[in-house]
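One structure below.
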Amino acid sequence: MTTAPWRDPALPATARVDDLLSRMTLEEKSAQLYGVWVGAATDGDGVAPHQHDMTVDYEWDELITRGLGQLTRSFGTAPVDPALGAQALARAQRRITEAGRFGIPAVAHEECLAGFTAWQATAYPVPLAWGATWDPPLVEEMARRIGDDLRSAGVHQGLAPVLDVVRDPRWGRVEETIGEDPYLVGTVGTAYVRGLESAGVIATLKHFAGYASSAGARNLAPVRAGTREFADVTLPPFEMALREGGARSVMAAYTERDGVPASADPELLTGLLREEWGFTGTVVADYFGIGFLQTLHRVAGTPAEAAHAALEAGIDVELPSLRCYGDPLVDAVRSGEVPEELVDRAARRVLLQKCELGLLDEDWTPEPAATVDLDSTGNRILARRLAEESVVLLDNPDGLLPVAPDTRIAVIGPRAADALAMLGCYSFPSHVLTHHPGVPTGIEIPTVLDALRTELPDAKVTFAQGCDVTDPDTSGFQEAVARTAEADVCVAVLGDRAGLFGRGTSGEGCDATDLALPGAQGELLDALVATGVPVVLVLLTGRPYALGRWHGRLGAVVQAFFPGEEGGPAVAGVLSGRVNPSGRLPVSVPQVPGGQPWTYLQPPLGLAGEVSNLDPTPLYAFGHGRSYTTFAWEDGTGGAEPAEIGTDGTYDVSVTVRNTGDREGAEVVQLYLHDPVASVTRPDVRLIGYQRVAAAPGEAVRVTFRFHADLSSFTDRSGRRVVEPGALELRLAASSTDVRHTAHLTLTGPVRVLGTDRRLRCETEVTDAG
């Protein structure tokens with residue numbers, strides 16, 4: 001029998017929460033605004049920045065009498081058997097509900113960037129690999145599986161996806177991003193959000209906003225993005241994921257822009273996010289981000305002042321612990337320093353979300369699913385498919401690939417026989433297990449060497465490591481060169497080691513001074529090429545590296561961005577020809593290590609020209625990728641005379657793609673916009689649509705993009721988003737530089753000022769063309 005209105009599921013959520021808030025003490029309301037991180041290390045070698053000096057002590061049994069907002073990473077802190085971990089989480093929830101007056105459970109959150117960050121859970125490809133698939137429906141399917149696994153273990157909220165747009169590939173967290181283009185990031189990221197939310201798990205958009213634009217590509221460094229860059233590059237993926245994906249949470253970024261930290265920016269977290277975009281969910285702090293207002297940003301003198309600034313800006317939940325929103329906040333409210341209305345505002349949002357999750361219902365139970373299998377056969381099949389679609393064949397000039405099934409292969413390099421070469425820094429083995437030596441990985445991760453031997457059982461495969469990932473020692477070169485000289489082909493497997501805060505070459509806090517291959521790997525590749533044996537370069541990395549030094553000297557180049565637990569078989573399948581490569585670059589691959597930062601989104605003066613001796617033109621352009629079959633692009637829309645549409649009009653752009661090769665394959669048809677004249681400088685080209693299509697030999701499909709003038713909009717000098725009249729070019733292309741057909745348009749009519757109802761996506765249609 002219902003004992004209070006807030007327990008009555010027949011009442012509107014707002015009425016239930018208002019009733020509950022009226023009954024709660026200040027301490028109880030404050031308790032809903034923070035998390036607790038049980039077992040967080042304080043030895044200076046943690047998984048969050050400044051974890052060693054920001055973690056605070058608390059008395060669990062006393063604390064939970066007030067209630068609790070969130071439980072931090074019950075599975076992602078130490079290796080725990082998933083079934084036992086789910087039972088332990090349920091016990092913790094029972095203790096929380098029994099200890100507090102109202103019996104309200106906590107929201108349990110976990111990292112899930114490349115799969116549930118838990119022991120024995122599937123390690124999927126990293127987000128940069130999702131971008132390389134150009135396949136949002138497949139990413140949505142992955143996210144749905146991740147969400148199902150989280151729910152089965154009792155987790156309510158996932159801290160993903162990352163929607164930062166790459167601005168400088170030296171940044172360590174490039175592997176966590178989807179790419180360097182806001183439309184690609186937005187569409188793929190939105191697919192992830194839809195998948196996670198469809199499983200009943202709260203998706204948390206990271207990092208709002210500007211984090212990837214840090215000066216010098218240094219983690220947490222100040223962001224120096226201008227108003228238009230912020231509006232037109234940084235923000236669109238977040239807006240799309242909220243409007244189209246239905247994300248229910250947003251994480252404030254660590255960084256500051258123009259002197260204002262995101263965690264203390266009411267214009268960003270309230271004015272834009274809530275008042276303009278209409279967001280009604282919760283805003284959470286990045287780990288220790290509120291405390292950093294005092295310790296790193298120095299815009300607050302005490303934890304209470306930091307709490308005040310963050311609450312006023314619009315952060316509802318302090319993660320991962322209670323440094324500021326605990327007793328310091330309560331004391332500041334009682335002394336009159338912080339208005340209690342700010343606590344009520346945040347608590348109402350938190351409790352509304354708990355109500356939505358069913359956590360206020362009397363019949364809620366913490367009991368986990370009967371079976372908790374976090375690396376099911378279905379998961380592995382999907383991880384393999386994602387990995388296979390994400391592998392990019394950058395070059396194969398003389399058709400060296402696929403390799404013959406009975407050839408002699410020398411597999412060389414520090415990434416060839418290491419299972420961790422497949423995983424990014426937010427996979428459990430790289431993120432947590434490095435702190436637990438001796439604990440098994442918990443999942444099967446075939447290496448490239450093992451997978452190649454399985455893939456080509458008739459080949460004679462030898463191996464030499466050659467060098468370490470970062471160690472400059474070259475003493476292993478001699479054996480590597482000897483093995484190569486005995487072979488018909490050399491497969492050089494080079495790349496990154498994911499880690500955290502300088503404990504790797506890629507990952508959070510592992511920023512690069514330049515884009516040269518780490519350690520002695522470049523010199524090893526030189527030595528292998530010098531043998532005269534054809535060399536296939538396989539890169540397992542978290543960012544693009546400069547490859548101009550070897551251009552024209554390699555037999556083939558294969559790029560994989562930390563492709564996950566099934567990445568070894570996926571790469572081996574591409575090398576053998578079982579898999580026809582279909583990945584496309586989500587980031588440009590540079591010619592030379594310097595000359596950064598650079599992405600393809602450049603206005604004229606950002607491109608090569610006679611005003612500078614430095615040429616930033618990439619070796620392989622954004623969107624580039626090769627195949628083992630060929631495609632003809634026929635009957636593209638366009639002509640000598642431009643079509644006219646209004647500044648609120650639409651125009652269909654079409655092309656027929658025919659597989660002219662002898663095997664099935666996939667092509668990615670990309671649509672770019674070129675705006676010759678505008679009131680502010682614009683990128684020379686930018687992606688506004690794409691469609692991945694598969695075709696059998698001889699088969700043809702017709703791809704139609706329904707362009708709307710809204711897709712040409714940008715932020716003008718006054719800060720308005722506008723569509724301007726004038727000439728445009730719509731370019732059907734296989735990459736940002738490989739244009740196949742061009743349609744010329746003229747927009748007529750007045751300048752249109754757009755609101756939040758503008759069209760964000762270019763709809764596509766695929767039909768059989770015979």
Side-chain angles (χ1 to χ4, degrees), residues 129-141 178-179 181-192 194-195 236-237 240 244-245 385-386 388-390 392 580-586 600 621-627 629-638 650-661 664-674 685-696 699-708 710-712 729-743 759-770:
W130 312 347
T133 70
W134 296 63
D135 192 345
L138 188 60
V139 172
E140 182 173 347
E141 185 180 347
I178 294 166
D181 177 86
Y183 188 82
L184 181 65
V185 173
T187 49
V188 174
T190 296
Y192 181 96
R194 281 197 300 262
M240 183 181 285
E244 297 187 3
R385 186 178 165 200
L386 268 159
E388 289 177 350
E389 287 195 11
S390 72
V392 185
N580 190 354
S582 60
R584 300 293 184 267
L585 284 174
Y600 93 102
F622 172 82
H624 168 82
R626 301 194 183 279
S627 171
T629 191
T630 55
F631 293 94
W633 293 39
E634 306 166 349
D635 304 322
T637 299
T650 61
Y651 181 74
D652 283 1
V653 189
S654 302
V655 67
T656 295
V657 177
R658 186 180 304 277
N659 186 339
T660 55
E664 184 176 359
E667 179 72 295
V668 178
V669 182
Q670 301 161 43
L671 180 65
Y672 292 87
L673 175 74
H674 172 68
V685 294
R686 63 181 177 94
L687 184 74
I688 59 169
Y690 64 91
Q691 181 64 52
R692 180 187 173 96
V693 293
E699 184 181 3
V701 293
R702 186 77 173 169
V703 180
T704 299
F705 295 95
R706 294 200 162 84
F707 169 79
H708 191 280
D710 285 6
L711 297 171
S712 71
E729 291 182 12
L730 302 178
R731 298 177 178 177
L732 291 159
S735 77
S736 60
T737 59
D738 185 2
V739 179
R740 305 296 176 85
H741 297 280
T742 300
R759 290 161 180 82
L760 302 175
R761 183 186 298 267
C762 187
E763 299 300 329
T764 62
E765 180 181 350
V766 179
T767 56
D768 183 12

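The pair Glu140-Arg194 counts as a salt bridge, with a side-chain nitrogen and a carboxylate oxygen less than 4.0 angstrom apart. Between Arg702 and Glu634, no side-chain nitrogen of the basic residue sits less than 4.0 Å from a carboxylate oxygen of the acidic one, so the salt-bridge criterion is not met.
Ring pair Phe622/Trp134 is tilted by interplanar angle, where 30° to 60° counts as tilted.
To the nearest 0.5 Å, atoms CG (Asp635) and OG1 (Thr656) are separated by 5.0 Å. The OG1 atom of Thr630 sits 10.0 Å away from atom CD of Glu667, with the distance rounded to the nearest 0.5 Å.
Between Pro136 and Tyr690 there is a side-chain heavy-atom pair separated by less than 4.5 Å. A heavy-atom distance below 4.5 Å is found between the side chains of Pro137 and Asp135. With a 4.5 Å cut-off on side-chain heavy atoms, Glu664 and Thr629 do not count as touching. Side-chain contact check for Arg385 versus Leu138: some heavy-atom pair is nearer than 4.5 Å. Counting only heavy atoms from C-beta outward, the side chains of Ile688 and Leu730 approach each other to under 4.5 Å.
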Practice problem: Before giving the answer on side chain to side chain donor-acceptor pair (under 3.5 Å), spell out for Gln691 and Thr764 the whole-Å C-alpha distance, their side-chain angles and the decisive distance to 0.1 Å. | Solution: CA-CA 7 Å; Gln691 181 64 52; Thr764 62; 2.6 Å; yes
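Not one N or O on the side chain of Tyr651 forms a donor-acceptor pair closer than 3.5 Å with the backbone of Ala743. Counting only distance, with no hydrogens or angles, the side chain of Arg692 and the backbone of Thr133 share a donor-acceptor pair below 3.5 Å.
Here the closest heavy-atom approach between residue Ala666 and residue Ser582 is recorded as CB-CB, 3.8 Å. Nearest heavy atom pair, residue Leu184 against residue Ile178, reads O-CG2, 4.0 Å. The shortest heavy-atom contact between Gly625 and Val392 is CA-CG1, 3.9 Å.
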